[in-house]
Visitor: 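Mind having a look at this structure? Questions to follow.
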Amino acid sequence: MRVRAVRRADLPAVIALDATVTGLHKADYWQRVYRRYGVAGQGLRHFLVAVAGRGGGGHGVCGFVIGEVRDWEFGSPPCGWVFAIDVDPRWRQRGVGTALLAAVRERFERVGVRKLRTMLARDNTLILSFFRSQGMTAGRLIPLELDIGTAAPHGPAP
Ligand SMILES: CC(C)(COP(=O)(O)OP(=O)(O)OC[C@H]1O[C@@H](n2cnc3c(N)ncnc32)[C@H](O)[C@@H]1OP(=O)(O)O)[C@@H](O)C(=O)NCCC(=O)NCCS
């Protein structure tokens, strides 16, 4: 198994893998992600795949990770965000996720980043166990959210 930058030929395998995890076949979304993080990636944006065996033509894709260096967001010095990681269920618990995270971390470190961040659903204990195993702990930022578009804005009456 090795980790390398994504290629266009990998996309059907990435889309299928995402669909096994989310239940959604999001071809348009993945084309956009590929353009932004694959083609225009490298340096600060990374879309990496883990490939089993010889992996010709994208057939051997068994996992992927996407991450990006973001500068001064939320008042923080540049940090590396990991916003997607998935491993083919047939390949889990064999170190593929660890190898993908290590590869994106190494790329962040190469450009001087000293903080790795991610977000996860509170009830996703699998991904939480994985990130904890990699040494990640609760950070200093907390996410806030609001449902919008359904009610009048909160504020003084006109
Ligand atoms: C989380 C995920 C990426 C882990 O990938 P993986 O290749 O199985 O991970 P690794 O084999 O490198 O495991 C590393 C560590 O993670 C933890 N871990 C992995 N799978 C686990 C499981 N099923 N239960 C508990 N801990 C687990 C363990 O601590 C493991 O270390 P160990 O093997 O020494 O016990 C994979 O399970 C996955 O893709 N899950 C779905 C992801 C998802 O929900 N994505 C959407 C949000 S981005």
Side-chain angles (χ1 to χ4, degrees), residues 1-70 73-74 76 78-110 113 115-147:
M1 190 270 301
R2 67 196 174 98
V3 177
R4 60 161 170 77
V6 70
R7 299 174 189 154
R8 182 170 289 282
D10 300 326
L11 276 189
V14 168
I15 293 165
L17 172 48
D18 173 56
T20 65
V21 175
T22 64
L24 300 171
H25 196 85
K26 309 186 289 265
D28 293 348
Y29 166 77
W30 284 106
Q31 290 290 346
R32 284 199 303 279
V33 172
Y34 175 71
R35 280 196 295 275
R36 188 170 161 81
Y37 294 90
V39 180
Q42 312 309 314
L44 300 182
R45 292 179 186 158
H46 301 285
F47 186 169
L48 309 176
V49 289
V51 182
R54 281 178 296 163
H59 300 299
V61 170
C62 59
F64 64 84
V65 65
I66 305 172
E68 179 176 20
V69 177
R70 294 190 181 158
E73 281 191 346
F74 316 113
S76 294
C79 77
W81 280 91
V82 169
F83 59 82
I85 186 163
D86 271 334
V87 172
D88 184 324
R90 293 167 298 185
W91 278 87
R92 288 184 189 170
Q93 292 185 277
R94 294 201 230 170
V96 176
T98 299
L100 285 164
L101 193 69
V104 77
R105 170 185 171 158
E106 197 226 325
R107 284 159 175 79
F108 290 153
E109 286 174 340
R110 255 187 242 161
V113 165
K115 184 77 81 181
L116 188 67
R117 289 202 165 109
T118 193
M119 266 204 272
L120 50 113
R122 212 175 274 271
D123 57 358
N124 193 338
T125 50
L126 171 55
I127 197 94
L128 179 60
S129 298
F130 169 71
F131 281 126
R132 281 292 295 117
S133 80
Q134 305 298 305
M136 295 191 75
T137 55
R140 157 182 100 70
L141 305 178
I142 54 167
L144 297 179
E145 61 188 31
L146 170 70
D147 294 326

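Keep in mind it's a predicted model, so treat the numbers as computed, not measured. Throughout, residue positions are numbered sequentially from 1 according to the sequence presented. Whatever order the structure lists them in is the order used to number ligands and atoms, beginning at 1.
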Visitor: For the pair Tyr34 (side chain) and Leu11 (backbone), establish whether a donor and an acceptor sit closer than 3.5 Å, ignoring hydrogens and angles.
Guide: no
Visitor: Yes or no, since that's all I need: does a protein heavy atom fall within a distance strictly under 4.0 Å of atom 40 (N) of ligand 1?
Guide: yes
Visitor: List the steps, then state whether side chain to side chain contact (heavy atoms under 4.5 Å, CB included) holds for Gln134 with Thr98.
Guide: CA-CA 7 Å; Gln134 305 298 305; Thr98 299; 3.1 Å; yes
Visitor: In this structure, is the centre-to-centre distance between the rings of Tyr37 and Phe83 below 6.0 Å?
Guide: yes
Visitor: Can you report which non-hydrogen protein atom sits closest to atom 4 (C) of ligand 1, along with the distance?
Guide: Phe130 CD1, 3.7 Å
Visitor: Within the structure, does Trp91 bring an N/O atom to less than 3.5 angstrom of an N/O atom in ligand 1?
Guide: no
Visitor: Taking 4.0 angstrom as the limit, do Arg92 and Asp86 come out as a salt bridge?
Guide: no
Visitor: Decide if atom CZ of Arg90 counts as having more than 12 heavy atoms of other residues, nucleotides or ligands within a radius under 6.0 Å.
Guide: no
Visitor: Given Ser133, Cys62, Ala99, Ala121, which has its nearest heavy atom closest to atom 16 (O) of ligand 1?
Guide: Ser133
Visitor: In chain order, what residues pass the side-chain hydrogen bond (donor to acceptor under 3.5 Å, both in side chains) check against Asp18, with sequence neighbours excluded?
Guide: Lys26, Trp30
Visitor: For atom 12 (O) of ligand 1, is the nearest protein heavy atom under 4.0 Å away?
Guide: yes
Visitor: Which option, Asn124, Val87, Leu120, owns the non-hydrogen atom nearest atom 3 (C) of ligand 1?
Guide: Val87
Visitor: Using distance alone, determine whether Gly95 and ligand 1 share an N or O pair under 3.5 Å.
Guide: yes
Visitor: Grab the two heavy atoms, one from Leu101 and one from Ile85, that are nearest each other, plus how far apart they are.
Guide: N-CD1, 4.3 Å
Visitor: Would you say atom 35 (O) of ligand 1 touches the protein, meaning some protein heavy atom is under 4.0 Å from it?
Guide: no
Visitor: Could you tell me whether Gln134 and ligand 1 have an N or O pair separated by under 3.5 Å?
Guide: no
Visitor: Under a 4.0 Å heavy-atom limit, does Arg132 contact ligand 1 with its side chain, its backbone, both, or neither?
Guide: neither
Visitor: Once side-chain hydrogen bond (donor to acceptor under 3.5 Å, both in side chains) is applied, do any residues pair with Ser133, and if so which ones, sequence neighbours excluded?
Guide: none
Visitor: As a test of the contact definition, would atom 23 (N) of ligand 1 count as having a protein heavy-atom neighbour under 4.0 Å?
Guide: yes
Visitor: I need the nearest protein heavy-atom contact for atom 19 (C) of ligand 1: residue, atom name and distance, please.
Guide: Gln93 CG, 4.2 Å
Visitor: I need the nearest protein heavy-atom contact for atom 46 (C) of ligand 1: residue, atom name and distance, please.
Guide: Asp86 OD1, 3.9 Å
Visitor: What protein heavy atom is closest to atom 25 (C) of ligand 1, reported as residue, atom name and distance in Å?
Guide: Ser129 CB, 3.8 Å
Visitor: Treating Arg132 as the side-chain partner and Met136 as the backbone partner, does any N or O pair qualify as donor plus acceptor under 3.5 Å?
Guide: yes
Visitor: Nearest to atom 38 (C) of ligand 1 by heavy atom, Arg92, Met1, Met119, Arg94: which?
Guide: Arg92
Visitor: Which residue holds the protein heavy atom closest to atom 14 (C) of ligand 1, what is that atom called, and what is the gap in Å?
Guide: Thr98 OG1, 3.4 Å
Visitor: Against heavy atoms of Leu126, which atoms of ligand 1 measure under 4.0 Å?
Guide: 20 (N), 21 (C), 22 (C), 23 (N), 37 (O), 40 (N)
Visitor: Do protein heavy atoms approach atom 44 (O) of ligand 1 to less than 4.0 Å?
Guide: yes
Visitor: What I want to know is whether Gly97 and ligand 1 share at least one N or O pair that is separated by under 3.5 angstrom.
Guide: yes
Visitor: Between Arg36 and Gln31, do the side chains contain a donor N or O and an acceptor N or O under 3.5 Å apart?
Guide: no
Visitor: Can you list the steps and then say if Arg4 with Leu48 is a side chain to side chain contact (heavy atoms under 4.5 Å, CB included)?
Guide: CA-CA 5 Å; Arg4 60 161 170 77; Leu48 309 176; over 6 Å; no
Visitor: Quick one: nearest non-hydrogen protein atom to atom 48 (S) of ligand 1, plus distance?
Guide: Ile85 N, 3.6 Å
Visitor: Take Asp88 and Thr20 through the test side chain to side chain contact (heavy atoms under 4.5 Å, CB included) and record every step on the way to the result.
Guide: CA-CA 8 Å; Asp88 184 324; Thr20 65; over 6 Å; no
